[in-house]
Amino acid sequence: MARYVVNRLAQAIMLLVIVSAIGFAILHLAPGGPLSQFAASAQMTQEDLDRVTRQLGLDRPLPIQYLDWFGRMLKGDWGRSYRDGEAVLSVISSHLGATLELMATATIIAVLLGCWIGILGALRRYSLFDTLATVGAMIALSIPTFWFGLVTIYVFSVKLGWLPAGNRETVGDGSLLDLLHHLIAPAMVLALVETAMWGRFMRSSMLEVINQDYIRTARAKGMPEWRILTVHALRNALLPMITVAGLQFPTLLGGALVAETVFTWPGMGRLFLDSIGYRDYPVVMGILMFSATMVLIGSLLADILYAVVDPRIRVG
């Protein structure tokens, strides 16, 4: 088991280094480069730009810049924002809570609703409910998140007035009820695709389990159906969902970026797009590395947990 964990950890670290190198190169080789925001100022002279270039170390070869940035990042110095000079880690931490709140709420909704739909669809295979669930999942997976978000705002905010059109809270309120009121729409939009995916995976897993010989043996012994489903079928059907949870994290992050933009939710996704528009490259790289690290940690934990519950995986 220890060898398996060490191998997976080494792969994750190597992949993180590759992601950081590619991201760093793309940002610095993009049209305009890191100096584009400074050059946009009418008061900036060529001498000023040359001074800023030396101060930021941009006059050095790109590989040297990358090694310097990566070394400082490992020491906890992720740089400072071009916008206000604030430390990148401080900027990210100030927006992280909102993103985690949105993602956690959407995940809870998706897991509970998706697993229920998947289990019921497997037990009532080819029924009207299963057909409607399948069609609904295909539609949900086909709808762009931003479009569904705009429709949600139009229907529930503009026309019906039931939900706020955006932001995390009402200025001057900030009560728990107000926070929950603002959370409903973006969480519902973010959970849409996740619910469809969890439902389809759960249905397939449940169908595979209930057709196994040990389920037939349990029925032949006269075991109550509810006990067969909860003790034997459901527990084994949930096993592959551990891997699904790890694979869903990147999708969840991408969906959060879109949902936060549509609903002006002050999270990391909104910060990422704002930083790209401002050419705030230290913050962009910080968010990229933080997101990549979280994705790799989620995938690693899912693999380790799966190996713990299923010893056959350790062989691989």
Side-chain angles (χ1 to χ4, degrees), residues 37 78 80-114 140 143-197 248-291 294-295 298:
Q37 190 61 35
W78 289 33
R80 292 190 171 274
S81 170
Y82 289 165
R83 189 181 307 187
D84 52 17
E86 188 177 356
V88 170
L89 283 178
S90 178
V91 175
I92 293 176
S93 62
S94 65
H95 292 76
L96 180 60
T99 295
L100 292 179
E101 176 186 320
L102 179 60
M103 290 175 60
T105 304
T107 300
I108 292 173
I109 295 173
V111 171
L112 294 179
L113 188 58
I143 295 178
T145 304
F146 75 89
W147 184 86
F148 185 61
L150 293 175
V151 170
T152 301
I153 292 175
Y154 179 76
V155 174
F156 294 100
S157 300
V158 177
K159 288 298 183 181
L160 299 177
W162 292 353
L163 299 173
N167 295 319
R168 192 183 181 188
E169 60 184 3
T170 302
V171 178
D173 191 337
S175 63
L176 178 60
L177 187 60
D178 180 65
L179 291 174
L180 293 175
H181 195 208
H182 282 78
L183 181 61
I184 293 175
M188 182 173 62
V189 170
L190 184 57
L192 176 69
V193 175
E194 301 298 315
T195 300
M197 296 181 70
Q248 290 288 80
F249 195 73
T251 306
L252 197 60
L253 272 177
L257 187 150
V258 177
E260 289 176 2
T261 303
V262 172
F263 291 96
T264 60
W265 189 265
M268 288 178 57
R270 178 77 184 278
L271 174 65
F272 184 74
L273 288 181
D274 289 346
S275 298
I276 290 178
Y278 193 81
R279 301 295 179 92
D280 196 350
Y281 288 172
V283 175
V284 173
M285 278 302 301
I287 296 175
L288 175 64
M289 291 304 298
F290 185 85
S291 302
M294 292 298 100
V295 169

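Note that these values count all heavy atoms, side chains included, but never hydrogens, waters or copies made by symmetry.
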Tell me which donor-acceptor pairs under 3.5 Å the side chains of residues 144-160 have, and how far apart each pair is, sequence neighbours excluded?
residue: T152; atom: OG1; partner: F148; partner atom: O; Å: 2.7
residue: S157; atom: OG; partner: L163; partner atom: O; Å: 2.8
residue: S157; atom: OG; partner: P164; partner atom: O; Å: 3.2

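To the nearest 0.5 angstrom, T264 atom OG1 is 12.5 Å from R168 atom CZ. One finds the OG1 atom of T261 at 10.5 Å from the CZ atom of F272 (value rounded to the nearest 0.5 Å). With rounding to the nearest 0.5 Å, the separation of CD in E101 from CG in L180 is 8.0 Å. Taken to the nearest 0.5 Å, the CD1 atom of I276 stands 9.0 Å off from the OH atom of Y281. In this structure, CD1 in I287 is found 3.5 Å from CG in L271, a value given to the nearest 0.5 Å. The distance from atom CD1 of I92 to atom CE of M289, rounded to the nearest 0.5 Å, is 10.5 Å.
Listed for the W265 side chain is a donor-acceptor partner under 3.5 Å among the backbone atoms of A98. Looking at T99, its side chain does come within 3.5 Å of a backbone N or O of M268 through a donor-acceptor pair.
Between A185 and F263, the shortest heavy-atom distance links the atoms CB-CE2, 3.6 Å. The minimum heavy-atom distance linking L252 with L190 is given by the pair O-CD1, 3.9 Å. Shown here for S94 and V91, the closest heavy-atom pair between the two residues is OG-O, 2.6 Å. Between S275 and V283, the shortest heavy-atom distance links the atoms OG-CG1, 3.2 Å. The minimum heavy-atom distance between A259 and P186, with the atom names listed, is CB-O, 4.4 Å. A pairwise comparison of heavy atoms in I109 and A187 identifies CD1-CB, 4.4 Å as the closest pair.
Listed by chain and number, the residues in a side-chain hydrogen bond (donor to acceptor under 3.5 Å, both in side chains) with E169 amount to none (sequence neighbours excluded).
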With side-chain contact (heavy atoms from CB on, under 4.5 Å) as the criterion, how do T107 and E194 come out once you've worked through the C-alpha distance, each side chain's angles and the decisive distance to 0.1 Å?
CA-CA 7 Å; T107 300; E194 301 298 315; over 6 Å; no
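Two residues are said to be in side-chain contact when any heavy atoms from C-beta on lie closer than 4.5 Å; L183 and L179 fail this criterion.
Within the structure, every pair that satisfies the salt bridge (Lys or Arg N to Asp or Glu O under 4.0 Å) test and touches residues 256-278, not counting sequence neighbours, is listed here: R270-D274.
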